[in-house]
Amino acid sequence: MLDKRYDPKKVEEGKYSFWKENDYFTAGKDKSKPPFSMVIPPPNVTGKLHLGHAWDTTVQDITARYKRLQGFDVLWLPGMDHAGIATQAKVEEKLRKEGVSRYDLGREKFLEKVWEWKDEYGRNIHEQWAKMGLSLDYTRERFTLDEGLSRAVKVVFKSLYDKGLIYRGERIINYDPVLKTALSNIEVEYKDIKGKFYYFRYPIVGSDEYLIVATTRPETMFGDVAVFVNPKDKRYKHLIGKKVINPANEEPLPIMGDEYVDISFGTGAMKCTPAHDPNDFALSNKYGLERIICMDNEAKMNEVAGPYKGMDRYECREALVKKIEQDGRLEKIEEIVHPVGHSERSHTVVEPYLSKQWFVKMSPLAKQALEKSTVNFVPARFKKTWVQWMKNVDDWCISRQLWWGHRIPAYYHKDTGEILVSIEPVNDPNYIQDEDVLDTWFSSALWPFATLGWPEVTEDYKRYFPTSLLSTGYDIIFFWVSRMIFDSLEFTKESPFKDCLIHGLIRDAQGRKMSKSLGNGIDPLDVIDHYGVDALRYFLTTGSAPGQDNRYIEEKVAASSNYLNKIWNSARYVLENLGEDFKPSEINFASLEPVEKDILVKLNKTIFKVSQYMDKYEYSMASSYLYNFVYDDFCSTYLEMSKVSLQSENKEYAQVVKSILYYILKDIIIMIYPYAPFIAEELYQATPNHLKSIMLESYPKAHKLPKCDLSDVTTLYKMIQDIRNYKVTNKLAPNYKVKLVIETKKELFPSFKDYLAKFSFAKDISVCESSSSKGIKFIYQDIVMFVEDDISDEEKEAKKAKDIAYLESEIKRSENMLNNPNFVAKAPKEKVELERAKLEENKRRLIELK
RNA sequence: GGAUGUUUAGCUCAGCUGGGAGAGCAUCUGUUUGACGUACAGAAGGUCACAGGUUCGAGCCCUGUAGCAUCCACCA
């Protein structure tokens, strides 16, 4: 027998290993089933999983578990990402605390340390997956640095290189001086920062005048090669061709004209620093200007900065401004707020920096992706986000000055510098391999096909690729989704997944992003500890609309837990009543009493709706239909009704009711199972006639049921509610014994009176065609009920007046609609008929009431 | 500057193809029924941001306005 209380800890214990040991997560065991495949977005091996992961993976697990019960051969492939920058940074930080740098260790030793880290954190992630109950096929687990993926990366690199889609070039890149590596454009976050706008006087050569030039980054002045003005600018037009003196180093700079300069911004005169600014770099290309780098790879000033050599960029800025001020060339300093690029990883200010890097040429790949992608985004609007980005994408900087990652398979000839790109290691001592590794996303972009064996055409690849669904948050559409799409189209000629389900981000109760600096992060394990994983899963995947963000609100997790407790207890009631040797019998729908028919019709409708939304991945909508059925139709209504029939004299019918309870309970358990697999398995195994695991069950199907008139059941429920309501508003005790007189010409179904008696606490119920009762009158379809009690006449009058007012307003509403010829002519016939029927009914009621 | 979302009960949010506004929590009454007090029975609470339009009919569709949020691009 089940415990009186639902105890998540007890319920969850041992279930995951039970499933795993029985191999229920392993795909491909029955190839007669249609395949359904997903790959997990591989989490970084850097650390713990947060609520965002919990959300994302629960969505996938719900899908996997639902599809299995629907008869699919489900593959959900797990794996992790080496996360180059993030992991290396963490390991370096750890070493720094021990007083060691990666250079002390050397490349090989350092990588050993990182692998140790990977093993440790990989174990953590496995534990968390198990806690979350994810039905992952561990026999197919992959890692972005494993042999197969490494080979795939090299094959892709070489192929793109051979096609001219990968090139090495000198460009302005975003440089992270803390992590000492280049970044791609999307790894830079722009934040509005308070800064200073320095206005300096540049003496004009051969004149006593100044040209005032403003900058936010004075330290880059050592890399200046010109000052630009707009040729249309009347103030400065005459100066083009002359020279000014750079106040930083007294070097003469030509004044040049270009329409790029915004006349209205700053002073209209702009310094040009090609090696430290992408726009200036473009100008230098146009005019063949020199590119002077004035910083080293830690953003310290180099020899170009003369006396400032060795200073940090900000130190230099301060010193230089002071010097220029002393020289009398500081015009003014303006406080401004301007966007400044920060490294997504180290959060330091990114330095635009000229250097030689590897790039993926994006336009041909983007064009192909836009033309050929068949990915169906859910919700559809995210396709626009993707298209927009894809249309404007820059070339992708893929080289990183790190050690942890896929080393670039390019080799340079010692003497000639000739580049050799090779999948196999080059043993010729004349060639030296590139020191850099590839951007992490370069390998994750291959995830859906490389994990299935590509470039080999394996059995798995044939069976499971393209994958059926990819689920992820909208924040990584650019980083990952778009790159999987263009790489997949380039290398497999197919889109990597049929559907791409995009969900929002999890936020704190105030709607803020969860972050370390705010300290508002919630550890999923803490939540699980309090409420159980099923409640967490239910909370995460319900109550929010597709693609919207979701706030973490503890009360909602508690509410989810209460709901599961409700299911638990309804199961307890049903199971207690079934008894020891219960065997479900076939249900003959036609022979059932109306109350039983009614609940089966409602169940059927619920199954239909729930499946319909499950199929669309709308787990929130699906759950709300189930919730309403469980609470209102099943627990609050039918369970209560069943108490009458189970205790009645009619033992034969009581058996039928038991079977019905059994079937409904089973369907509820199976429908809640994808959301809350632990409690579902526990309850399932407590039901009679069960299989070894709920994972072997099939999902309930909606049936075609014969049409039947259940209006008397509806009336019965309304009567009960009206009587209860009436007692409360008249301050009668809930168990106050009323006397009921029912007028009807219909024959009520046999147990009608029994049900009514039980729930109204009536001491007497009489049924007749007409009566002279003075009780309070309630009018239903074809039935009138009088409630007799000791209430004063005034109160009765008040109730009557209220009812009349309501009916009159309803009649007026209907009449307005029906008197509108347009409504009658244009609205659907059923709608008009319905309205007409309501009007007639209400008119009749009004007459009876008066 | 461009794009996307959002504005519904005190709070957090649902609301499917347009057909009498819903949930959870909070509030107020009252508890009795051999599943459940993590509960039950009830109640109260809404000009669906605003202004137009389409329609017989708009929370939902269209146009505009305002607030909030996010993303992209950016000015030295």
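Chain naming here is simple, since letters A, B, ... match the order of the sequence lines and numbering starts at 1 in each.
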Summarise how protein sits on nucleotides 57-63 of chain B as a single string, 5' to 3': B when a protein heavy atom is under 4.0 Å from the base, S for sugar-phosphate-only contact, - for no contact. -------
Indicate, with a heavy-atom threshold strictly under 4.0 Å, whether A:Lys609 touches base, sugar-phosphate, or nothing. base
For A:Tyr6, which of A:Phe678, A:Tyr531, A:Trp568 qualifies under ring pair (Phe, Tyr, Trp, His ring centres under 6.0 Å)? A:Trp568
Approximate separation, where rounding is to 0.5 Å, of A:Phe197 CZ and A:Thr216 OG1: 6.5 Å
OG1 on A:Thr267 to CG on A:Leu211, rounded to 0.5 Å: 6.5 Å
Base-pair string, RNA chain B, Watson-Crick plus G-U, cut-off 3.5 Å on both distances, | for inter-strand, is (((((((..((((.....[..)))).(((((.......))))).....(((((..]....))))))))))))....
Would you mind reading off the distance between A:Glu640 atom CD and B:A39 atom P, rounded to a whole angstrom? 15 Å
Which nucleotide wins on minimum distance to the side chain of A:Asp262, given the candidates B:G37, B:G19, B:A76? B:A76
For B:A23 and A:Asn628 - does any side-chain N or O of the residue sit under 4.0 Å from the phosphate oxygens OP1/OP2? no
Residue among A:Tyr619, A:Tyr563, A:Tyr538, A:Tyr675 satisfying ring pair (Phe, Tyr, Trp, His ring centres under 6.0 Å) with A:Tyr627: A:Tyr563
Side chain of A:Pro734 (C-beta onward), nearest among B:U32, B:C16, B:G24: B:U32
So, is A:Lys566 near the phosphate of B:C40, with a side-chain N or O under 4.0 Å from OP1 or OP2? yes
Could you state the NZ-P distance from A:Lys4 to B:G37, rounded to the nearest angstrom? 5 Å
Name the closest nucleotide to the A:Arg551 side chain, picking from B:G15, B:U12, B:C71. B:U12
Using a cut-off of 4.0 Å on non-hydrogen atoms, how would the nucleic acid contact of A:Pro828 be classed: base, sugar-phosphate, or nothing? base
Please report the closest heavy-atom contact between A:His342 and A:Val350, naming both atoms and the distance. C-CG2, 3.7 Å
Nearest-nucleotide pick for A:Lys271, side chain only, options being B:G42, B:A76, B:G19: B:A76
Candidates B:U70, B:A41, B:C13 - which lies nearest the side chain of A:Tyr474: B:U70
Any salt bridge linking A:Glu351 with A:Arg313? Criterion: basic side-chain nitrogen under 4.0 Å from a carboxylate oxygen. yes
B:C75 P sits how many Å from A:Phe281 CZ, rounded? 15 Å
A:Phe197 has its side chain closest, among B:A41, B:A35, B:A76, to B:A76
Work out how far the P atom of B:A14 is from that of B:A49, and round it to whole angstrom. 14 Å
Checking all strands, does A:Thr216 fall into the base, sugar-phosphate, or nothing category for heavy-atom contacts under 4.0 angstrom? sugar-phosphate
May I have the distance from A:Glu554 (atom CD) to B:A26 (atom P), rounded to whole angstrom? 13 Å
Ring-face cation contact, A:Trp55 with A:Arg537, 6.0 Å cut, 45° max: no
Using a cut-off of strictly less than 4.0 Å, decide whether A:Lys384 has a side-chain nitrogen or oxygen near OP1 or OP2 of B:C71. no
State plainly whether the residues A:Asp258 and A:Lys286 are in salt-bridge range, i.e. N to O under 4.0 Å. yes
Among the candidates B:G42, B:G24, B:A35, find the nucleotide nearest to the side-chain atoms of A:Asn569. B:A35
Could you tell me whether A:Val261 contacts a base, only the sugar-phosphate backbone, or nothing, with contacts defined as non-hydrogen atoms closer than 4.0 Å? base
Using a heavy-atom cut-off of under 4.0 Å over every strand shown, decide if A:Phe761 touches base, sugar-phosphate, or nothing. base
With the threshold set at 4.0 Å, does a side-chain nitrogen-carboxylate oxygen contact exist between A:Glu841 and A:Arg836? no
Please report the distance separating the C1' of B:U55 from the corresponding atom of B:U38, rounded so that it comes out in whole Å. 48 Å
Nearest listed nucleotide, side chain of A:Met621, among B:C74, B:A14, B:U33: B:A14
Taking the P atom in each of B:A3 and B:U12, what is the distance between them to the nearest angstrom? 29 Å
Is it the case that the ring center of A:Tyr662 lies less than 6.0 angstrom away from the ring center of A:Phe582? yes
Atom P, compared across B:C62 and B:U6: separation rounded to whole Å: 12 Å
Whole-Å P distance, B:G53 and B:A58: 12 Å
Taking the C1' atom in each of B:C13 and B:C50, what is the distance between them to the nearest angstrom? 22 Å
In whole angstroms, how far is the P atom of B:G24 from the CG atom of A:Asn550? 17 Å
Nucleotide of B:U4, B:U38, B:C75 approaching A:Asn565 most closely (side-chain heavy atoms): B:U38
Using the rule ring pair (Phe, Tyr, Trp, His ring centres under 6.0 Å), only one of A:Tyr260, A:Phe228, A:Phe281 pairs with A:Tyr287; which is it? A:Phe228
Nearest-nucleotide comparison on RNA chain B, the residue closer to the 5′ end among A:Tyr613 and A:Asn842: A:Tyr613
Contact class for A:Lys838 (heavy atom, under 4.0 Å): base, sugar-phosphate, or nothing? base
Below 4.0 Å: OP1/OP2 of B:U38 and any side-chain N or O of A:Tyr531: no
If you measure from the P atom in B:A35 to the same atom in B:G15, how many Å do you get, rounded? 36 Å
Please pick, from B:U33, B:U38, B:A76, the nucleotide with the shortest atom-to-atom distance to any side-chain atom of A:Arg5. B:U38
A:Lys332 to A:Tyr199, cation-pi by 6.0 Å centre distance and 45° axis angle: yes
Give a yes or no on whether the ring-centroid distance for A:Tyr613 and A:Tyr625 is below 6.0 angstrom. yes
Rounded to whole angstrom units, what separation is found between the CD atom of A:Gln548 and the C1' atom of B:U4? 10 Å
I need the CG-C1' distance between A:Asp475 and B:C71, as an integer number of Å. 11 Å
Atom CD1 of A:Ile186 and atom SG of A:Cys397: how far apart are they, to the nearest 0.5 Å? 11.5 Å
Roughly how many Å is it from CG in A:Asn577 to C1' in B:G34, rounded to a whole number? 10 Å
When all nucleic acid strands are considered with a 4.0 Å heavy-atom cut-off, which category describes A:Tyr625: base, sugar-phosphate, or nothing? base
Students often get this wrong, so: under 4.0 angstrom with heavy atoms, is A:Cys635 touching a base, only sugar-phosphate, or nothing? base
Do any side-chain nitrogens or oxygens of A:Thr385 fall under 4.0 Å of OP1 or OP2 in B:A3? no
Earlier contact from the 5' end, RNA chain B, for A:Leu639 and A:Pro546: A:Pro546
Would you say B:A39 has OP1 or OP2 under 4.0 Å from some side-chain N or O of A:Asn562? yes
Atom C1', compared across B:C28 and B:A9: separation rounded to whole Å: 15 Å
